[in-house]
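Remarks on the structure that follows.
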2 protein chains.
Amino acid sequence: MTHKNALDTLQAYGIHPSVQRIAIMDYLLKHRTHPTVDEVYVALSKAIPTLSKTTVYNTLRIFSEHGAALMLTIDEKKVCFDGVVTPHAHFMCKRCGQLADVQLPGCFRECQPLGVDFSVEETHLYYKGICKSCATKAGV
Amino acid sequence: MTHKNALDTLQAYGIHPSVQRIAIMDYLLKHRTHPTVDEVYVALSKAIPTLSKTTVYNTLRIFSEHGAALMLTIDEKKVCFDGVVTPHAHFMCKRCGQLADVQLPGCFRECQPLGVDFSVEETHLYYKGICKSCATKAGV
DNA sequence: TTATAAATTTGTATTGTTTACAATGCAAAT
DNA sequence: ATTTGCATTGTAAACAATACAAATTTATAA
């Protein structure tokens, strides 16, 4: 199947479901656009008019704490969230700001940090540069 | 030599020097603690009482735009800066928040992003987890 | 079912970081 | 001496994110 079920996903990560949590997880699973808190809030406010932005903040934090979503801090201006938690990298265009998924280099699995005295719970890899679209526009 | 010269570094990256810029670069080169804007501002205010925090913001942004410093957005609460621009990874302890340098895995050099249609200008790799000190304290 | 407790949500107030912008300062060039 | 252009300063404003307490919902027990 293309999309995992929101309710099942919550339960798989030990997160107690609620209308709001299901709606937010559903949005994450169906919109792989790395949305911000505000984007999720605006999008869901139509269906859930009483939704509070605080709830979106709290819920997305809970998701990331339980490993059900990724918190991306690539853009220094805003935190983004990713419902895809399988290992992958990201790319951000410095010009247009778009955030895209990138397949991990094949050898990356064997790349473990060297001589470290800490336990690794998350690994983040991302690239910044100029996307093709922006390069074409500006390049001339 | 241990520390590069601040003035030389600015000129090497095509950044017009000034008292403030030299002082900020000098601080970065001598304090490899991944300081925040505020930390730089507070530290330099003693020597330069008229220093404006806006200048620190502007200057550090200019540094990172010219490749003379790295802007680290690992901690979602605050942006940090790194005067060490040679390739290396980072580790952040989720409990105490410390940010440490980590040697890149040897194989990492060969790890290039796959099938991408963008030019890579920056590569960021970091780990999150629990440092030994925190693990020892809490672990028991 | 009703009562009680626990968890979740809501909305406002607040905090704190970052940016915008206009005024000022400064130094090199004319 | 004047102009030009960039850098700096400081205030105001924007904005993201959090704290907190009240309200609501859900779960549990009687």
Side-chain angles (χ1 to χ4, degrees), chain A residues 6-7 10-11 13-27 34-66 68-81 92 94 97 99, chain B residues 6-7 9-11 13-27 34-66 68-81 94 97 99:
Chain A
L7 176 59
L10 292 182
Q11 289 173 338
Y13 286 98
I15 299 168
H16 191 264
S18 73
V19 169
Q20 291 83 352
R21 290 175 180 178
I22 291 172
I24 293 171
M25 177 54 77
D26 187 63
Y27 186 87
H34 313 101
T36 63
V37 165
D38 195 64
E39 283 164 5
V40 174
Y41 171 73
V42 169
L44 296 183
S45 288
K46 294 159 194 162
I48 310 176
T50 63
L51 184 67
S52 166
K53 197 179 271 192
T54 300
T55 297
V56 182
Y57 272 103
N58 291 339
T59 301
L60 288 172
R61 185 175 42 74
I62 288 171
F63 286 1
S64 75
E65 283 172 359
H66 283 75
L70 301 179
M71 182 189 293
L72 304 180
T73 58
I74 300 172
D75 187 335
E76 78 273 12
K77 294 179 195 295
K78 53 188 178 161
V79 176
C80 299
F81 290 87
M92 194 183 88
K94 288 179 171 184
L99 198 53
Chain B
L7 176 59
T9 302
L10 292 183
Q11 289 173 338
Y13 287 96
I15 300 168
H16 191 262
S18 72
V19 170
Q20 291 84 350
R21 290 174 179 180
I22 292 171
I24 292 171
M25 178 54 77
D26 187 63
Y27 185 88
H34 313 101
T36 63
V37 165
D38 193 65
E39 282 164 6
V40 173
Y41 171 71
V42 169
L44 295 183
S45 288
K46 293 158 195 163
I48 310 175
T50 62
L51 185 66
S52 166
K53 196 179 271 191
T54 299
T55 297
V56 182
Y57 272 103
N58 291 340
T59 302
L60 288 172
R61 184 173 44 74
I62 288 170
F63 286 2
S64 74
E65 282 171 0
H66 283 75
L70 300 180
M71 182 189 293
L72 305 179
T73 59
I74 300 172
D75 188 335
E76 78 271 12
K77 294 178 195 294
K78 51 184 180 166
V79 176
C80 298
F81 290 87
K94 287 181 172 184
L99 198 53

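The chains referred to below are lettered A, B, ... by the order of the sequence lines, with proteins before strands, and numbering in each begins at 1.
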### Task
Applying side chain to side chain contact (heavy atoms under 4.5 Å, CB included), name anything that partners B/Ser45, two or more places apart in sequence or on another chain.
B/Tyr41

### Summary
5'-most contact on DNA chain C (nearest-nucleotide basis), A/Ile48 vs B/Asp38, goes to A/Ile48

For nucleotides 3-7 of chain D, list the nitrogen or oxygen atoms of the protein found under 3.5 Å from its nitrogen or oxygen atoms, one pair per line.
| residue | atom | partner | partner atom | Å |
| --- | --- | --- | --- | --- |
| D/dA7 | OP1 | B/Arg21 | NH1 | 2.9 |
| D/dA7 | OP1 | B/Arg21 | NH2 | 3.3 |
| D/dA7 | O5' | B/Arg21 | NH2 | 3.4 |

### Query
Could you give the distance from CD (B/Gln20) to CE (B/Met25), rounded to the nearest 0.5 Å?
14.0 Å

### Query
Could you state the CD1-P distance from A/Ile22 to C/dT9, rounded to the nearest angstrom?
10 Å

### Task
Walk me through it: do B/Leu51 and B/Val56 pass the test side-chain contact (heavy atoms from CB on, under 4.5 Å)?
CA-CA 8 Å; B/Leu51 185 66; B/Val56 182; 3.8 Å; yes

### Query
Given side chains that start at C-beta, do those of A/Thr36 and A/Val79 come closer than 4.5 Å, heavy atoms only?
no

### Message
If you define the side chain from C-beta out and look only at heavy atoms, does anything of A/Val40 sit under 4.5 Å from A/Ile24?
### Response
yes

### Query
Nucleotide by nucleotide, 5' to 3', does protein get under 4.0 Å of the base (B), only the sugar-phosphate (S), or neither (-) in nucleotides 20-30 of chain C, counting heavy atoms?
B----------

### Task
For B/Ile15, check side chain to side chain contact (heavy atoms under 4.5 Å, CB included) against everything at least two apart and list the hits.
B/Leu10, B/Tyr13, B/Arg21, B/Ile62, B/Phe63, B/His66, B/Ala68

### Query
Rounding to a whole Å, what distance do you find between A/Leu60:CG and D/dA17:P?
11 Å

### Check: A/Ser64 side chain, A/Arg61 main-chain N or O, donor-acceptor pair, under 3.5 Å
yes

### Query
Can you check side-chain contact (heavy atoms from CB on, under 4.5 Å) on B/Asp75 and B/Leu99, steps first, answer last?
CA-CA 9 Å; B/Asp75 188 335; B/Leu99 198 53; over 6 Å; no

### Message
To check you understand the geometry: which heavy-atom pair defines the closest contact between B/Pro49 and B/Ala47, and what is its length?
### Response
CD-O, 3.4 Å

### Distance, rounded to the nearest Å, where B/Tyr41 contributes OH and D/dT9 contributes C1'
10 Å

### Within residues 71-79 of chain B, residues whose heavy atoms come under 4.0 Å of DNA chain C
B/Val79

### Query
B/Lys53 has an atom NZ; how far is it from atom C1' of D/dT11, in whole Å?
14 Å

### Message
Quick test of your reading of the model: are A/Asp38 and A/Lys78 salt-bridged, counting only N-O distances below 4.0 Å?
### Response
no

### Message
Based on the rotation axes of five pairs at each end, what angle does the helix from C/dT1-D/dA30 to C/dT30-D/dA1 bend through, to 10°?
### Response
10°

### Task
Counting heavy atoms from C-beta on, name the nucleotide in C/dT9, D/dA17, C/dT10 closest to the side chain of A/Thr59.
C/dT9

## Note on the structure
In whole angstroms, the gap separating C1' of C/dT15 from OH of A/Tyr57 amounts to 13 Å

### Query
Less than 4.5 Å apart, any side-chain heavy atom of A/Leu70 and any of A/Phe81?
no

### Task
Answer with base, sugar-phosphate or nothing: what part of the nucleic acid does A/Thr36 contact at a heavy-atom distance below 4.0 Å?
nothing

### Backbone of B/Thr55 reached by a side-chain donor or acceptor of B/Thr59 within 3.5 Å
yes

#### Entry: Rounded distance [0.5 Å steps], CD1 in B/Ile48 versus CD1 in B/Ile22
9.5 Å

### Query
Under the criterion side-chain contact (heavy atoms from CB on, under 4.5 Å), which of B/Glu39, B/His34, B/Met71 is the partner of B/Cys80?
B/His34

### Nearest-Å distance for atom pair CD1/C1', residues B/Ile24 and D/dT8
11 Å

#### Entry: D/dT9 phosphate, OP1 or OP2, under 4.0 Å from B/Thr55 side-chain N/O
yes

